[in-house]
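Notes for the one structure printed next.
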2 protein chains.
Amino acid sequence: MQIGELARRGGCDAETIRYYEREGLLPAPARTASGYRRYEQPHLEQLAFIRHCRSLDMSLADIRRLVDYHQHPSAAPCDDINALLDAQISRIHQQIASLQRLEQQLQTLRARCDAPHTVADCGILKSLEGAASGEGCVCHADGPA
Amino acid sequence: MQIGELARRGGCDAETIRYYEREGLLPAPARTASGYRRYEQPHLEQLAFIRHCRSLDMSLADIRRLVDYHQHPSAAPCDDINALLDAQISRIHQQIASLQRLEQQLQTLRARCDAPHTVADCGILKSLEGAASGEGCVCHADGPA
DNA sequence: GCAAACCCTGTAGTTACTATAGGGTCAAGA
DNA sequence: TCTTGACCCTATAGTAACTACAGGGTTTGC
């Protein structure tokens, strides 16, 4: 199949496939006489593997490592794979915590404007301005920005 | 003060300050005879405003709008500021939900390897491979990837 | 005077794509 | 056969928000 079909079946863009090939994540396929890429089923499977890992927000660097393991199964212990997943989970966990704090901060700031005001009197803007002038801010109540 | 001191007091990098100037977020300051930037207190306050908004994960485009309002307070209703904050809150909220799903998915996948295995037998890798071959995956149990 | 710390501009790099320019190929329909 | 739209190709640039570097100039304390 050609790149457009691989893209449709792999759930991504043809540009993305070319990008993965440049980045060494997908092997370069055979070409037709006119220079078109010609893909077979193993390419589709590898693309699906990559896209699946991307859907889990894994970095291309991490995916590259998993692809390597996939291509070279060995008797070595899978500690590295576990560690990779654990690190990813930990990153996501921290990101959630960080975003939850951020959401709280934004809501605190948002609450400074609970009724229609003019821009000149907006509690949100006044809070931001006051904080910038050193007055201390409402949204980072637990510590400095 | 010079850019290094502004950076220290504003809690960011001198490069970042130059970047903000190029992006039009900070006005270009006066210069010494040798070409060095010379900043006064209003610059520090504007930088603090920007950094504070950045700490709330606002985009530079959104910050630019708030800075405009700050510099040109008006009698217009502050609906736009409210909408800006609401949109930001909504984005963060959706991002949290998305990351929570992702965390769950990763933990499901991680659980496929509960004891030491070899790479060749790793449940994580086997799950990813099986999914790539069309078998359905464990981590996206509620729908396709 | 010397050296370290700072300053300057211009450019490039980071990550994972995404878009565009300019040109070639293919296949269906008239 | 010709036309045209859809597809293909490579090379390059852009996205967002920084961050780093090259190459060179300035300041300040010893």
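Each chain gets a letter, A, B and so on, in the order its sequence line appears, and its residues count up from 1.
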- Message: Each nucleotide in nucleotides 9-16 of chain C should get exactly one letter: B, S or -. Can you fill that in based on protein heavy atoms under 4.0 Å?
- Response: B------B
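In this structure, A:Q88 contributes its side chain and A:D57 its backbone to a donor-acceptor pair below 3.5 Å. With hydrogens and angles disregarded, no donor-acceptor distance shorter than 3.5 Å links the side chain of B:R65 to the backbone of B:L84. Under the 3.5 Å distance criterion, the side-chain polar atoms of B:S98 are left unmatched by any main-chain donor or acceptor of B:Q94.
The span of DNA chain D lying next to chain B, judged by atoms under 4.0 Å from heavy atoms, is bounded 5' to 3' by D:dA17 to D:dT27.
A:Y39 meets the ring-ring contact (aromatic ring centres under 6.0 Å, His included) test with A:H43; sequence neighbours excluded.
Nearest-nucleotide assignment on DNA chain D puts the 5′-proximal partner with A:I3, out of B:Y36 and A:I3.
If you check every strand for non-hydrogen atoms under 4.0 Å, A:E23 touches nothing.
For C:dT18, the OP1/OP2 oxygens have a side-chain nitrogen or oxygen of A:T16 closer than 4.0 Å.
Comment: B:E15 engages B:R18 in a salt bridge, judged by a side-chain N to carboxylate O separation of less than 4.0 angstrom. The residues B:R91 and B:D62 are annotated as salt-bridged, a charged nitrogen and a carboxylate oxygen being separated by less than 4.0 angstrom.
Ring geometry for A:H52 against B:H140 counts as tilted: the plane angle lies between 30° and 60°, on a 0 to 90° scale.
In this structure, A:C12 and A:I17 approach most closely via the heavy-atom pair SG-CG1, 3.8 Å.
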